[in-house]
Amino acid sequence: MPKAKGKSRRHKYSYNLNRKRLYRSARRRAAPRIACSHIRHAWDPHKSVAQNLAEMGLAEDPNKALPIPKKLLVSGLEAESDAQQPGKKIVRKPYVVNEMELEASLPEKKSNTLSRDLIDYVRYMIQNHGENYKEMAWDEKNYYQDTPKQIKRKINVYKNFYPEEYKNFIASLKPEKMEVQ
């Protein structure tokens with residue numbers, strides 16, 4: 001059965017087609033993707049990016065906002081011409097910067113957690129071998145064949161992530177050792 005004529009032929013590039021006009025209308029409709037919710041709520045789609053950021057008190061270009069001084073005085077101080085800023089813009093939406101500063105000043109939540117398997121592994125090793133890392137390396141439960149240094153590092157990570165739990169665990173081990181002696 002013969003092939004269709006147009007399918008195997010190489011497609012030619014159309015030089016006369018104006019692609020700018022096609023993409024320009026699509027770009028106009030698309031709003032910029034803004035990650036910060038404070039900026040997103042204060043954004044005016046009818047203004048340019050520079051105008052929106054200037055109204056919020058934010059810098060469009062960080063190099064223009066904090067320029068590196070070209071000339072330094074002999075004493076090492078910056079030139080006085082940089083200290084004067086003749087064309088300051090009026091900030092109409094200062095609440096955006098204030099909310100962002102407030103959000104940045106909040107302490108970070110600790111999201112550091114260890115897997116239950118690693119916690120059980122570390123507790124088993126400490127319970128059976130104490131501080132003897134070489135013995136831990138030879139233990140049959142050391143499935144991943146960790147070296148003494150790797151085991152020590154895992155125990156230190158456990159100590160740093162759960163300091164209170166580690167202290168309680170060590171305190172619970174001391175009575176057991178006294179009974180054995």
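All residue numbers in this chain count up from 1 along the given sequence.
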*Report yes if the side chains of Leu58 and Ile39 come closer than 4.5 Å at any heavy-atom pair, otherwise no.*
yes

*Looking at NE2 of His46 and CG of Asp44, how far apart are the two atoms once the value is rounded to the nearest 0.5 Å?*
6.0 Å

*Does any donor atom in the side chain of Tyr162 or Glu164 lie under 3.5 Å from an acceptor atom in the other side chain?*
no

*Using the rule that two of Ile, Leu, Val, Met, Phe, Trp, Tyr join whenever any of their side-chain heavy atoms come within less than 4.5 Å, decide whether Met100 and Val49 are in one cluster.*
yes

*Which atom names give the shortest non-hydrogen contact between Ala59 and Leu53, and what distance separates them?*
O-CD1, 4.2 Å

*side chain to side chain contact (heavy atoms under 4.5 Å, CB included) partners of Glu101, counting only residues at least two apart*: Val97, Asn98

*Atom CE of Met125 and atom CD of Glu131: how far apart are they, to the nearest 0.5 Å?*
13.5 Å

_Heavy atoms from other residues, nucleotides or ligands near CZ of Arg92 exceed 12 (cutoff 6.0 Å)_ = no

*asked:* Can you tell me how far apart CD (Gln127) and OG (Ser172) are? Round to the nearest 0.5 Å.
replied: 7.5 Å

*How long is the gap from CG on Asp117 to OH on Tyr143, to the nearest 0.5 Å?*
10.0 Å

_Does either side chain, that of Asn142 or that of Tyr121, offer a donor lying less than 3.5 Å from an acceptor on the other one?_
yes

_Side chains of Glu165 and Tyr158 only: does a donor on one sit below 3.5 Å from an acceptor on the other?_
yes

*Any donor-acceptor pair under 3.5 Å linking the side chain of Gln51 with the backbone of Ser48?*
yes

_Student check: side-chain heavy atoms of Tyr133 and Ile155 closer than 4.5 Å_ = yes

*Can you find a heavy atom in the side chain of Arg153 that is under 4.5 Å from one in the side chain of Gln150?*
yes

*Could you please spell out the steps behind the side-chain contact (heavy atoms from CB on, under 4.5 Å) verdict for Phe161 and Val157?*
CA-CA 6 Å; Phe161 279 37; Val157 166; 4.0 Å; yes

*Closest approach of Gly130 and Met136, non-hydrogen atoms and distance?*
O-CE, 3.1 Å

_If the condition is side chain to side chain contact (heavy atoms under 4.5 Å, CB included), which residues does Ala54 pass it with, not counting sequence neighbours?_
Lys89

*Decide yes or no for Thr147 and Ile151: does some side-chain heavy atom of the first lie under 4.5 Å from some side-chain heavy atom of the second?*
no

_Whether Lys93 side chain and Ala42 backbone form a donor-acceptor pair below 3.5 Å_ = yes

*Find out whether Leu114 and Lys154 are in side-chain contact, i.e. whether some heavy atom of one side chain is under 4.5 Å from a heavy atom of the other.*
no

*Side chains of Ile126 and Phe169: closer than 4.5 Å at any heavy-atom pair?*
yes

*asked:* For Lys152, I'd like to know if atom NZ has over 12 heavy atoms of other residues, nucleotides or ligands within 6.0 Å.
replied: no

*asked:* Could you check whether any side-chain heavy atom of Met56 comes within less than 4.5 Å of a side-chain heavy atom of Val91, counting everything from C-beta outward?
replied: no

*Compare all side-chain heavy atoms of Lys134 with those of His129 and state whether any distance is below 4.5 angstrom.*
no

